[in-house]
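Atoms considered below: every heavy atom in the structure, side chains included; atoms not considered: hydrogens, waters and symmetry mates. Since this is a predicted model, take the numbers as computed values, not measurements. Per chain, numbering begins at 1; letters A, B, ... match sequence-line order.
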Amino acid sequence: MIDYRLIRNEPDRVRAALLKRGYEPTLAENWLAVDARWRETTTRVETLTAEKNQVSKQIAIDKKEGRDASETIARMRALGDEIQSLEENLRQLEEERDAELLMIPNLPHESAPEGLTAEQNVEVHRWGNPIAFDFTPKPHWEIAEALDIIDFERGAKISGSGFIVYKGAGAALERAILNYMLDMHTRRHGYTEIFPPFLVRPDSMVGTGQLPKFQEDMYHCAQDELYLIPTAEVPVTNLLREEILDAAELPIRYAAYSPCFRRESGAAGRHTRGLQRVHQFNKVELVKFTLPEQSYEEHESLLKNAETVLQSLGITYRVMLLCAGDMGFAAAKCYDVEIWSPGLGEWLEVSSCSNFEDFQARRAQIRFRRSAGAKPEFVHTLNASGVAMPRLMATIIEQYQQADGSLVIPEPIRPYMGGLERISRG
RNA sequence: GGAGGAGUGGCCGAGUGGUUGAAGGCGGCGGUCUUGAAAACCGCAUCCCGGGCAACUGGGACGGGGGUUCGAAUCCCUCCUCCUCCGCCA
């Protein structure tokens with residue numbers, strides 16, 4: 001959530017930001033109206049409470065000195081009743097005020113382009129060239145089925161559509177790529193590896209913003225009131241929830257493998273075929289906690305860390321700077337990394353690289369002190385996939401397919417597969 | 001899953017209804033002393049919210065939430081976490 005002081009002190013700035021994102025600017029006015037009533041009521045409650053505290057002390061003294069306190073006690077009771085009814089109001093106002101605040105998205109960074117839809121996203125740069133085939137390339141699902149490395153049908157049989165089974169060399173390849181990416185980020189890019197829980201409590205989901213707004217997108221174990229994580233961002237960001245760090249510890253960089261579970265019911269068809277959209281997939285997630293003044297620098301290196309994975313595998317990709325209206329609710333600035341799928345002839349998103357500034361940290365209460373005794377400030381949080389597996393796997397299968405139907409394994413992955421160079425039929 | 005026990009400030013730890021943000025100790029910071037350091041002594045300390053340009057000032061916080069009471073760290077309910085024993089299990 002944003003700093004509500006901004007709404008109080010610079011409502012015009014907040015309104016402009018809301019407009020830039022395509023939100024109703026009246027969100028700010030609504031909040032201010034509730035806030036004004038809240039503050040007024042707070043003052044009255046606190047004045048009465050202050051009096052009550054005085055009277056209460058007097059009772060203690062009277063009792064100790066053996067005086068009759070029945071009159072003061074009567075006064076206390078009257079004050080108590082009045083305070084109680086006012087507090088009832090206050091609680092309602094507070095609820096309303098906080099609910100309004102949670103509806104307000106992060107303010108876009110000045111470098112986020114104007115625009116409301118994906119068409120206004122700006123291509124920042126492009127790496128590699130789509131490879132030219134001297135035969136007609138097949139889509140990944142055909143290759144994978146022919147090689148018997150992915151079983152779509154049986155995945156659907158045991159768990160429903162959107163669930164897949166990696167098999168044999170396919171399972172080994174999935175595991176190898178994940179290990180390759182994790183090793184790169186932990187050994188070369190300075191991230192600390194985290195292996196988090198995959199089920200979390202509701203308050204963790206609130207901490208990173210999946211709840212209350214996106215309840216429908218998640219798998220929920222009602223009996224235990226636990227949610228399956230849609231991304232490792234949730235447990236990893238919440239690791240430091242309600243903590244106050246030392247400035248010297250920052251930046252903190254975490255890399256985590258996790259499976260990701262997403263209900264999001266997409267319509268069947270072109271965009272759901274094969275690995276494009278599945279309910280369970282694997283991903284390596286990168287999460288950073290930084291000083292406010294360092295977050296944009298760290299945002300750029302975060303993007304590079306994700307790009308390095310793709311470059312090392314020879315995958316063609318482009319980086320898009322999202323316009324204000326196309327960014328996620330919590331982001332101030334966001335790059336999407338999209339890889340070129342030769343089989344589909346489309347760009348597919350494999351990583352969203354976001355700087356949330358203090359939006360998540362405020363909500364999750366993640367703070368730091370510049371020095372001992374200094375006032376706690378909110379850290380900045382950032383994250384990116386480094387990267388998500390299914391579309392990467394699909395693209396590797398399509399890009400590395402051979403005329404004879406076999407699949408060449410990208411060179412950096414071979415050590416992770418016992419030196420295997422090629423997956424062939426049979 | 002069953003039966004018990006516990007949760008107080010950075011740490012340890014007193015406190016079972018009243019002027020307690022909370023004794024004492026450790027650790028921390030500042031000062032006195034000292035050529036310097038140690039020791040000793042003195043002093044200061046948290047977080048959140050409201051009001052105020054400010055000095056300052058009011059309120060709240062003893063795991064979380066709710067309740068009883070004129071008044072709750074202290075009594076009751078509930079949730080969470082940790083510990084011990086039993087059961088079960090990879």
Enquirer: Between B:rC48, B:rU19, B:rC70, which one does the side chain of A:I61 approach most closely?
Expert: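 Out of B:rC48, B:rU19, B:rC70, the nucleotide with an atom closest to A:I61's side chain is B:rU19.
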Enquirer: How close or far is atom C1' of B:rC49 from atom CZ of A:R44, stated in whole angstroms?
Expert: 18 Å
Enquirer: Take the protein atom CG of A:D98 and the nucleotide atom P of B:rC49, then report the distance between them rounded to whole Å.
Expert: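 In whole Å, B:rC49 P lies 12 Å from A:D98 CG.
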Enquirer: Send over the distance from A:E87 CD to B:rG50 P, rounded to a whole Å.
Expert: 16 Å
Enquirer: What pairs with A:H185 under ring-ring contact (aromatic ring centres under 6.0 Å, His included), at least two apart in sequence or on another chain?
Expert: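 Result, ring-ring contact (aromatic ring centres under 6.0 Å, His included) vs A:H185: A:H189, A:Y191.
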Enquirer: Name every donor-acceptor pair, under 3.5 Å, that has one atom in a side chain of residues 408-420 of chain A and the other anywhere in the protein, sequence neighbours excluded.
Expert:
{"from": "A:R414", "atom 1": "NE", "to": "A:I409", "atom 2": "O", "distance (Å)": "2.8"}
{"from": "A:R414", "atom 1": "NH2", "to": "A:I409", "atom 2": "O", "distance (Å)": "3.0"}
{"from": "A:Y416", "atom 1": "OH", "to": "A:D183", "atom 2": "OD2", "distance (Å)": "2.7"}

Enquirer: With no hydrogens and no angle check, is any side-chain donor or acceptor of A:H299 less than 3.5 Å from a backbone partner on A:C353?
Expert: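 Yes.
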Enquirer: Rounded to whole angstroms, how far apart are CH2 on A:W38 and C1' on B:rG51?
Expert: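 Taking atom C1' of B:rG51 as the reference, CH2 of A:W38 is at 11 Å.
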Enquirer: Measure the distance from CD on A:E242 to C1' on B:rC48 and round it to the nearest whole Å.
Expert: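 Between C1' of B:rC48 and CD of A:E242: 13 Å.
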Enquirer: Using a cut-off of 4.0 Å between protein heavy atoms and nucleotide atoms, how would you tag nucleotides 57-67 of chain B 5' to 3' with B, S and -?
Expert: -BSS-------
Enquirer: I need the CG-P distance between A:D246 and B:rG10, as an integer number of Å.
Expert: 13 Å
Enquirer: So what does A:R8 hit on the nucleic acid, given a heavy-atom distance under 4.0 Å: a base, only sugar-phosphate, or nothing?
Expert: sugar-phosphate
Enquirer: Which is true for A:R367 with a 4.0 Å heavy-atom rule: it touches a base, it touches only sugar-phosphate, or it touches nothing?
Expert: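 Answer is sugar-phosphate: A:R367 comes under 4.0 Å of backbone atoms only.
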Enquirer: Could you write out RNA chain B as a dot-bracket string, with dots for unpaired bases, | for bases paired across to another strand, and Watson-Crick or G-U pairs counted at under 3.5 Å?
Expert: ((((((((.[[[..)..(.....]]].(((((.......))))).((((((....)))))).[[[[[..)....]]]]])))))))....
Enquirer: What is the distance, rounded to the nearest whole Å, between atom NZ of A:K52 and atom C1' of B:rU69?
Expert: 10 Å
Enquirer: Can you pull out every salt bridge (Lys or Arg N to Asp or Glu O under 4.0 Å) where at least one residue sits in residues 228-244 of chain A? Sequence neighbours excluded, please.
Expert: A:D203-A:R241
Enquirer: Can you confirm whether or not the ring centre of A:Y296 sits under 6.0 Å from the ring centre of A:H380?
Expert: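 No, the ring centres sit 6.0 Å or more apart.
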Enquirer: Among residues 71-78 of chain A, which ones have heavy-atom contacts with RNA chain B below 4.0 Å?
Expert: A:I73, A:M76, A:R77
Enquirer: Send over the distance from A:Q58 CD to B:rG18 P, rounded to a whole Å.
Expert: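 To the nearest whole Å, that distance equals 17 Å.
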Enquirer: Relative to the ring of A:Y23, is the ring of A:F329 parallel (under 30°), tilted (30 to 60°) or perpendicular (over 60°)?
Expert: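 Plane angle between 30° and 60°, so tilted.
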